[in-house]
Amino acid sequence: MIDKRKYSLAEALEGISDGAVVMIGGFGAVGQPDALVDALAEIGPRDLTVIANNAGWSRETGIPRLMDLGLVRKIICSFPKGSEVFKSLYLAGKIELEIVPQGTLAERIRCAGAGIPAFYTATAAGTQLEKGKETREFDGRRYVMERALPADVALIEAWAGDRWGNLSYQGSGRNFNPVMATAAKLTICQVHELLDAPLDPNAIVTPGIFVNRIVQVKADSDRLIAAQRLA
Amino acid sequence: MIDKRKYSLAEALEGISDGAVVMIGGFGAVGQPDALVDALAEIGPRDLTVIANNAGWSRETGIPRLMDLGLVRKIICSFPKGSEVFKSLYLAGKIELEIVPQGTLAERIRCAGAGIPAFYTATAAGTQLEKGKETREFDGRRYVMERALPADVALIEAWAGDRWGNLSYQGSGRNFNPVMATAAKLTICQVHELLDAPLDPNAIVTPGIFVNRIVQVKADSDRLIAAQRLA
Amino acid sequence: MTVQTIIQPQDREAPARRLARDIEDGWYVNLGVGMPTKVADMINDEREVVFHSENGILGMGPTPPEGEIDPWLVNAGKKPVTLLPGASLFHHADSFTMIRGGHIDLCVLGAFEVSQTGDLANWTTGGDELMPAVGGAMDLSVGAKRIWVLMQHNAKGGESKLVEACSYPLTAPGAVSRIYTDLGVFGVADGGFYVIDLAEGVSLGEARARTGAPLHAE
Amino acid sequence: MTVQTIIQPQDREAPARRLARDIEDGWYVNLGVGMPTKVADMINDEREVVFHSENGILGMGPTPPEGEIDPWLVNAGKKPVTLLPGASLFHHADSFTMIRGGHIDLCVLGAFEVSQTGDLANWTTGGDELMPAVGGAMDLSVGAKRIWVLMQHNAKGGESKLVEACSYPLTAPGAVSRIYTDLGVFGVADGGFYVIDLAEGVSLGEARARTGAPLHAE
């Protein structure tokens, strides 16, 4: 029987090694797999590369906590502003940064999941961010060649899930989560509701084929609203 | 007020010119916008290029009907077998054929919708179908460069829609429809249920931004089951 | 391009209000963070404009009252928002399909500088000590059908933000078609700026004096 | 790779049944049209294998009885199917993300020929008079984690379909890792065919005589 459910965060996170490339979903305080990230910080693998849209906010939790513990070697993201921990590490030269435009980041991740090694986009053409990249004209317009961005592990959050790993989302909680789910060798999801019955096939956003492990972490609205004030 | 609803097939199809590139959704008998295609055959624009997965089946309806009337100059598809009309035209040299692997067809259409002019895929690398295309190695593997495939018009089918053009689907009815919706200058959708109330935001598969016109054509299960026997 | 509203220089929100009036009913519009966000509040209830947020929302509505916040719904500025009837939700790859694929009718952005060829500089002032951050600005500027900039005409030190060539790093070359400032509404075409409308009490001479590139009168 | 089932040459479904036994529980499997489709019926109810159909189904179940057909649900062969618990539905771009992106554990295909380097020829016999049609075969053969071919060992005229080099146009080079035929189960490795299992009553000598390339015994 297929059963991707795990009953502790430690079990869900088993086997993440030093040097792993780790995608972390979320945009603002919504759709962030905070419980997984905080549990990963406890486990403490070192020399991580983090792929995420932001570098987080509060030092106590999430990506800044991983950074504050010295576990992160590099972050690949679109908008690291707002994270004091990141800023001080970056300005001290203690963490590497690769800035990727948000849409290019999403598409590079999607391509890694879709078996597409490279694609062209007009985004960043004619700007500083095209430096070091191939450019090419199609139909008279300049485009940058971008490479797929895969990961060893994706930590994501969804609203509801079932034992097959099927996922559904609420509100703006999808963001990078369904895309990252496709792009990692090991995708681990925290859900608010882990159901005994299968999800409605028409309502599934992430089919279970993209998910390896799923663990329930009950929603805490107050905590999320508080986190939004920081973001 | 945004209202994309049309109340006749003729009104929904207004303005399709001779020489238009027309995408037609569907896979097998499911998700085919047959009423739109048959009404287009009545209107009779000539010299069309059709982009679809198949070349249809019965002479009386759909793509074969367009072809039988001499309206189609070229078809771009993955699997034209099963269409006697197409076969006789093709063997007589009266219609052009561009064969595209099914996944490459889907991705070329998606890229047209997503502003990506070209991408690389291993599909067809080292085969006859890479002829005339650029190839390139990434990480030691051979890939073919494929170009985006846009259209002037997309004719699609969905299950339910609202006045904003939002769409939901049933069963295997999505197939090429949500992808084609993104890739045409003018997207026209036939739905089984055209609702007065808005669709549930979490259940929408095609957001209305991709849809220009929507028209109701009541479902006919018996007709569809009969069509499946031919496919 | 229907009703024209004269910009009142003493009214700080006047450029945003004028921009809001120039948005056509039925457009899909993305508003950058900061001043552009205010444009949403200036579309009156009789009109229907669909606001897009790059984190996966179409049909975004206003900020909810304190007690009615949905914790799972934020905008691109990471702040609580609401959904209007007809809204839809999607993931980042689909959201940037809308942006990069030319489906967004209008994107309104702030800027450090706009050049007379429409080059946009709004993502970094380029100082080495600064931490770069780009977000979705580069994708929006190459992808939306129109880029309108909403900004003060002059920087705090008085320098024009409309320039012959940008001194700051570009977000995208040749992207901007229109600029709304406290001095008026200006177009970009054929390699130069032109006046669409001047704010009340602003003369062509004053606008020219405060613009760092030739300003053509129609 | 658990229970081995000896292929009985007189039993036409034996190769498919043996292949079904070699599928591991929990695998995501795509079955090509024709003979491979039968493999689904040979997975017993105690096991859970998830069948993928490239037109947008995961968790596909068996053909429904005549009166219970859902007209909006067909497989890649365009025939009515059912959904099993845990099923999901999606569009073609997402479906080929699964295929091209290496998420499908196994794809079972028929073939005209397989070469000793794993080249697969199954999409066209290349005659000029024929109308080409490729479907999803090329995407599946480059994308799935494993390609197993299920076919008769010899063509109707007696020629081996296991060959040194394909004479028909390729679907994909170096794609096939295993072949199930009426003569047994054969692997492809290091540029050659090897025997995994022979059908009951088939000697190595007979298998070699009926194979158009060297056949290594382990």
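When reading the values below, keep in mind they use all heavy atoms of this one structure, side chains included, and skip hydrogens, waters and symmetry mates. To find a chain, count down the sequence lines: A is the first, B the second, and so on, and within it residues start at 1.
Atom-to-atom distance recorded for B:Ile209:CD1 and C:His52:NE2 is 6.5 Å, nearest 0.5 angstrom.
Taking non-hydrogen atoms and a 4.5 Å limit, the residue list of residues 43-53 of chain B in contact with chain C is empty. The interface of residues 97-123 of chain B with chain C, defined by heavy-atom distances below 4.5 Å, comprises B:Arg110, B:Gly113, B:Ala114, B:Gly115, B:Ile116.
Judged purely by atom type and a 3.5 angstrom limit, B:Asp162 has no side-chain atom pairing as donor or acceptor with the backbone of C:Gly86.
The minimum heavy-atom distance linking C:Phe90 with B:Pro207 is given by the pair CD2-CG, 3.8 Å. C:Gly26 approaches B:Ile2 most closely through the heavy-atom pair CA-CG1, 3.7 Å. Minimum interatomic distance between B:Ile204 and C:Ser88 (heavy atoms only, all atoms of both residues): CD1-CB, 3.7 Å. Summarising the geometry of C:Thr97 relative to B:Phe210, their closest heavy-atom pair is CG2-CZ, 4.0 Å, with the distance given to 0.1 Å.
Of the atoms belonging to B:Asn202, heavy atoms from both backbone and side chain fall under 4.5 Å from chain C.
Within 6.0 Å of CG on C:Asp190 lie no more than 12 heavy atoms contributed by other residues, nucleotides or ligands. Within a 6.0 Å radius of NZ in C:Lys38, no more than 12 heavy atoms belonging to other residues, nucleotides or ligands are found. Other residues, nucleotides and ligands contribute only 12 or fewer heavy atoms inside 6.0 Å of the CD atom of B:Glu14.
Between C:Leu58 and B:Trp164 the shortest side-chain heavy-atom distance does not fall below 4.5 Å.
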